[in-house]
Amino acid sequence: MYSVAPFLCDVQMKYVTWLAALLTFAGYASDSTLSVVAVEYPPYVTQSRSDLGSNFVALQAYLRQQNLSDVHIRPLFYPPARAQRAISDEQWCATFYPPWQRKDVRFVPLGNEVVKMGLFRNMTDSPFRWNELTDLSGKSVALLRSSKERFIPAWFKQAGKKIVFVETVEQGLELLLLSRVDYAFGDEHALERLSAEVTGEQTLQFSETLLATQQVGLFIRNDCWLNARLQQNKKAP
């Protein structure tokens, strides 16, 4: 006797797969809910504040300026490694977490603020600056694991430094305070995020020489529905 069970199972599996894809695409293609990939990085992006940090505040202001107040922002907070996997997926529209290896995105500035990134060391009487990174050769540095895809780790490897990867800037600073590394990567406001219990009487010094700067903004995929809404508003009288 011929059994239809395998055929029915195959149909059921295809239906479940189609339904899952449809639900996922519905969240991706919605013209009123904007899912934004984010990684904890206070004070710019953080779940510890009711407004989710200054980047989300700037995004809300930008949407209002573009007459898109009806857009609901859905933050998707991930650890750095999970965020990297998330933006490798096809079902997302926007991200504060830089998608360095993707070419199908555009950067939308959300204001004039620029984040300055450099190195921290234990305080000395001399200015903290260099001409070439090789001037600091033979030392160890704590870098964000999320920066592995960027140019910064390559700079340090070429300069002969030992790299210790950490999940957060704060972890790197704590290693520096414990003398586990010679330098720690961070932005100019990183010390404000450390508690007095952690820093104690030690004082850290931010470098006058910068490694990079990043304007505050949002990365949007080229095929994200938000682009069409923005274009419509530009054409509107």
Side-chain angles (χ1 to χ4, degrees), residues 36-49 51-59 61-62 75 77-81 83-84 87 94-100 107-124 127-130 133 135-136 139-156 159 161 163-178 180-199 202-219:
V36 180
V37 176
V39 171
E40 190 75 18
Y41 197 89
Y44 307 103
V45 179
T46 177
Q47 298 177 84
S48 64
R49 286 172 43 172
D51 60 12
L52 301 179
S54 58
N55 279 21
F56 277 102
V57 172
L59 176 56
Y62 174 78
F77 278 90
Y78 296 117
Q84 288 181 353
I87 59 179
T95 175
F96 281 125
Y97 186 84
W100 300 117
F107 180 75
V108 177
L110 297 178
N112 297 321
E113 184 179 4
V114 174
V115 181
K116 299 176 182 178
M117 292 168 280
L119 293 179
F120 284 92
R121 71 177 182 187
N122 285 303
M123 179 67 74
T124 69
F128 186 16
R129 52 176 177 254
W130 60 86
L133 277 177
D135 296 344
L136 309 176
K139 303 293 184 179
S140 58
V141 58
L143 288 179
L144 286 176
R145 190 177 305 279
S146 58
S147 70
K148 289 178 73 172
E149 296 181 2
R150 292 195 66 187
F151 47 83
I152 291 176
W155 288 353
F156 284 103
K161 283 186 173 49
I163 299 176
V164 178
F165 284 111
V166 294
E167 295 298 326
T168 66
V169 170
E170 290 76 19
Q171 288 178 359
L173 294 178
E174 289 175 15
L175 289 178
L176 177 58
L177 288 166
L178 292 171
R180 304 273 179 83
V181 294
D182 298 297
Y183 305 106
F185 173 84
D187 65 89
E188 59 184 332
H189 300 298
L191 288 180
E192 300 171 11
R193 303 193 289 271
L194 287 184
S195 64
E197 290 78 8
V198 173
T199 57
Q202 291 179 263
T203 304
L204 299 181
Q205 183 179 16
F206 185 64
S207 61
E208 296 179 14
T209 305
L210 299 179
L211 291 173
T213 59
Q214 176 63 58
Q215 187 174 7
V216 171
L218 186 71
F219 296 90

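Every heavy atom of this structure was used, including side-chain atoms; hydrogens, water molecules and symmetry mates were not.
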(request) Run through Thr46, Leu110, Val45 and flag the one making a side-chain contact (heavy atoms from CB on, under 4.5 Å) with Phe56. (result) Val45
(request) Go through the side-chain N and O atoms of Gln84 and Tyr78 and say whether any donor and acceptor fall under 3.5 Å apart. (result) no
(request) For the residue pair Tyr62 and Leu218, establish whether any side-chain heavy-atom pair is separated by less than 4.5 Å. (result) no
(message) Can you give me the closest heavy-atom contact between Val181 and Ser140, atom names plus distance?
(response) CA-OG, 3.2 Å
(message) Taking the side chain as everything from C-beta on, heavy atoms only, tell me whether Phe219 gets closer than 4.5 Å to Ile87.
(response) no
(request) Calculate, to the nearest 0.5 Å, the distance between atoms CG and CG belonging to Leu175 and Asp182 respectively. (result) 11.5 Å
(request) Please report the closest heavy-atom contact between Leu211 and Trp130, naming both atoms and the distance. (result) CD2-CZ2, 3.8 Å
(request) Verify the distance criterion only: is there a donor paired with an acceptor across the side chains of Ser207 and Thr209 at less than 3.5 Å? (result) no
(message) Measuring only between side-chain heavy atoms, which start at C-beta, is Val36 closer than 4.5 Å to Pro75?
(response) no
(message) Does any part of the side chain of Thr124, heavy atoms only, come nearer than 4.5 Å to the side chain of Gln205, both counted from C-beta?
(response) yes
(message) I want to check something: taking the side chain as every heavy atom from C-beta on, are Glu208 and Phe128 in contact at a cut-off of under 4.5 Å?
(response) no
(request) Any chance you could measure Met123, atom CE, to Leu204, atom CG, to the nearest 0.5 Å? (result) 8.0 Å
(message) Main chain of Val115, side chain of Glu188: is a donor-acceptor contact present, judged purely on distance under 3.5 Å?
(response) no
(request) Return the minimal non-hydrogen interatomic distance between Val169 and Ala190, and the atom names on each side. (result) CG1-CB, 3.6 Å
(request) Return yes when atom CG of Asn112 has more than 12 non-hydrogen atoms of other residues, nucleotides or ligands closer than 6.0 Å, and no otherwise. (result) no
(request) With rounding to the nearest 0.5 Å, note down the distance linking CZ in Phe120 to CG in Leu177. (result) 10.5 Å
(message) Does any part of the side chain of Arg49, heavy atoms only, come nearer than 4.5 Å to the side chain of Pro43, both counted from C-beta?
(response) yes
(message) Working to the nearest 0.5 angstrom, can you tell me the gap between Tyr183 OH and Leu173 CG?
(response) 15.0 Å
(message) When you compare the side chains of Asn55 and Tyr41, does any donor N or O come within less than 3.5 Å of an acceptor on the partner?
(response) no
(message) Give me the atom names and distance for the closest heavy-atom approach of Lys116 to Phe206.
(response) O-CZ, 3.9 Å
(request) Identify the two heavy atoms, one from Met117 and one from Gln214, that lie closest to each other, and give their separation to 0.1 Å. (result) CE-CB, 3.7 Å
(request) Drop me the distance from Phe165's CZ to Leu144's CG, to the nearest 0.5 angstrom. (result) 9.5 Å
(request) For residues Leu136 and Val141, determine if any side-chain heavy atom of one lies less than 4.5 Å from a side-chain heavy atom of the other. (result) no
(request) Would you check if Phe77 and Leu52 make a side-chain contact, meaning some heavy-atom pair closer than 4.5 Å? (result) yes
(message) On a heavy-atom basis, which atom in Ala142 and which in Gly172 lie closest, and how many Å separate them?
(response) CB-CA, 3.7 Å
(request) Quick one: pull up CZ in Arg121 and OG1 in Thr203 and give me the separation to the nearest 0.5 Å. (result) 13.0 Å
